[in-house]
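One structure is given here, and the rest of the page talks about it.
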Amino acid sequence: VERRKAAKSGRRRSGELEADVLAVLWASEVPLTPKQVQKKLDRPLAYTTVATILVRLGEKGMVERTRTPRGYTYRAVIEEGEHITEEFRRLLARAGDHTVALRSLVDGLSPDDELELLRMLTEGRPAAGSDAE
Amino acid sequence: MIVSVLATLIAVAGPLAICALAARTRASIRPDWTAVALAGAMATLGLGTLGALATLAWPLAARLGFVASYGAWSAGMVEHLAPVPMPVSLAAFVGGVAMVARAVRVVSREVRVVRRSPPGSEVEELTVVEDPTPFAHAVYGWRVRPDRLVVSRGLLDTLDEQERAAVLAHERSHLRNHHAVLSLSAEMAIALNPLLARCRAGLDFSLERWADEVAAAATDRSTVAHAVGRTALAQMQTLRGSAPRPRMGLDGSSVPARVDALLFPPPDHRWRHGAAYGSLMATSAVLVLVGLAHAESIVDVLQRGG
């Protein structure tokens, strides 16, 4: 059981790393070398780890590799994900208000909320009349 | 008599008290404790309400021929020992059935959503949606589908590296800490007792704050505050004038309060909050137990008497 647990958490971690690497590639306008990906990653990862993840993502068809004079560069594959994107768009549209499996980062802002938020982020002062409890 | 009083306490006073408490513990430095305590209290009260309805309804069942002959009860004795007026019994029975049907609907809706969700590999997956509107979702897979982080191209373009890491940590926290389970148990409790709907916003807020605090531990408070705040602002910017508005919480957006809590951490009231929730949960649990024991003792007497 212990070993199975360890294997499971190992898989989880690798999934997490793949997601992070993929996020870097998605965010980049141009293809990146493993070295550049490593630099842009928020967490410190060994070069070989990054390279391994990129190869694995390539096997899954999620990134595309190109040979350049600087070595291989990678970019995220958009086309592959298109049908899944469409499925998600439909899921999000239909999920409605009370689906518990889906959580959004932010909810909508009223004009007052917007002003208060802008003030907090730019001036960095506590909101007037905020809960002192 | 005692049964009716207990039933009222559990079904009406309980939810009002717990939801008032939820509003007061919003500003908590330990939203994880608040969320778990609140969801637990809601579940206790939801089940307690069902128990209370059953207690009120069973004299009706006991009067029905086949149930009575099974327990060898006489209608006269039931009336004597459990003096619940027939109309009340009937109403409780109908109400109980309706509440259970609502709870079943909550679960089946969730099952439908999961079945519609695209399958994938076992590991957590990141999906980027080509959409200029910045948004990020965590989609819980219920172990049937992979857990997913869904972010839009717009979000990746809006935020810097640090903030993107914060968003991923935030969404991941929803999945890792099984917030959907807490949320589902709360929705079931609301189905069993509609008064508990007053707690929904409080629980949602605590879950978002919980994920914010986890993200803050992975990055830092200011980064998370900016990631959340800037996403919300940019989202309104791109959506201005266009059709669908993102859904807003009942009491307006929770974003300003979350950013406030991140930038200016609230005082630590965890012990006070914990004690308040603990005593409320204990009270409702005792009420439920007393009600059950009372009902059982009547059944006991009836069976011996018959």
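Below, chains carry the letters A, B, ... as their sequence lines are ordered, and counting in each starts from 1.
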Legend entry - Sequence-distant partners of Y140(B), ring-ring contact (aromatic ring centres under 6.0 Å, His included), two or more places apart: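 Result, ring-ring contact (aromatic ring centres under 6.0 Å, His included) vs Y140(B): W142(B), H178(B).
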
[X], part contacting chain A, at a heavy-atom distance under 4.5 Å:
X       : value
H174(B) : side chain
R258(B) : side chain
L184(B) : both
L155(B) : side chain

Inset, instruction - Among D204(B), L175(B), V139(B), find the residue that satisfies the side-chain contact (heavy atoms from CB on, under 4.5 Å) test when tested with R103(A). - result: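 Single pass found, and it is D204(B).
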
Inset, instruction - Might you confirm whether atom CE of M188(B) has over 12 heavy atoms from other residues, nucleotides or ligands at distances under 6.0 Å? - result: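 At most 12 heavy atoms, drawn from other residues, nucleotides or ligands, come within 6.0 Å of this atom.
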
Inset, instruction - Count the heavy atoms of every other residue, nucleotide or ligand shown that sit under 6.0 Å from CZ of R56(A), and state whether that count exceeds 12. - result: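 Yes, CZ of R56(A) has more than 12 neighbouring heavy atoms, counting only those of other groups under 6.0 Å.
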
Inset, instruction - Identify which of G229(B), A186(B), A165(B), S222(B) forms the greatest number of heavy-atom pairs closer than 4.5 Å to chain A. - result: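 Heavy-atom pair counts peak at G229(B).
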
Inset, instruction - Taking heavy atoms only and a threshold strictly under 4.5 Å, list by residue number the residues of residues 208-221 of chain B that touch chain A; give 'none' if the list is empty. - result: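 Interface residues of residues 208-221 of chain B: E208(B), T219(B).
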
Legend entry - Non-hydrogen atoms of M120(A) and P256(B) that approach each other most closely: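 Distance-wise, the nearest heavy atoms are CE-O, 3.2 Å.
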
Legend entry - Counterpart residues, side chain to side chain contact (heavy atoms under 4.5 Å, CB included), relative to T133(B) (two or more places apart):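 With sequence neighbours excluded, T133(B) shows a side chain to side chain contact (heavy atoms under 4.5 Å, CB included) to D131(B), F135(B), Q235(B), T238(B), L239(B), given in chain and number order.
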
Inset, instruction - Flag the pair D20(A) and R172(B) as a salt bridge only when some basic side-chain nitrogen lies within less than 4.0 angstrom of an acidic carboxylate oxygen. - result: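 Judged by the 4.0 Å cut-off on N to carboxylate O distance, D20(A) and R172(B) do form a salt bridge.
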
Legend entry - Minimum side-chain heavy-atom gap V255(B)-L109(A) below 4.5 Å: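 A side-chain contact under 4.5 Å exists here.
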
Inset, instruction - Mind checking the CG-CZ spacing from L121(A) to R230(B)? Nearest 0.5 Å is all I need. - result: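 Spacing of CG (L121(A)) from CZ (R230(B)) equals 9.0 Å.
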
Legend entry - Those residues that, when tested against R67(A), pass side chain to side chain donor-acceptor pair (under 3.5 Å) (two or more places apart):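 By the side chain to side chain donor-acceptor pair (under 3.5 Å) rule, R67(A) matches Y72(A).
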
Inset, instruction - Evaluate the side-chain contact (heavy atoms from CB on, under 4.5 Å) criterion for residues E171(B) and L105(A): first the C-alpha distance (whole Å), next the side-chain angles of each, then the deciding distance (0.1 Å), finally the verdict. - result: CA-CA 7 Å; E171(B) 298 304 337; L105(A) 179 66; 3.3 Å; yes

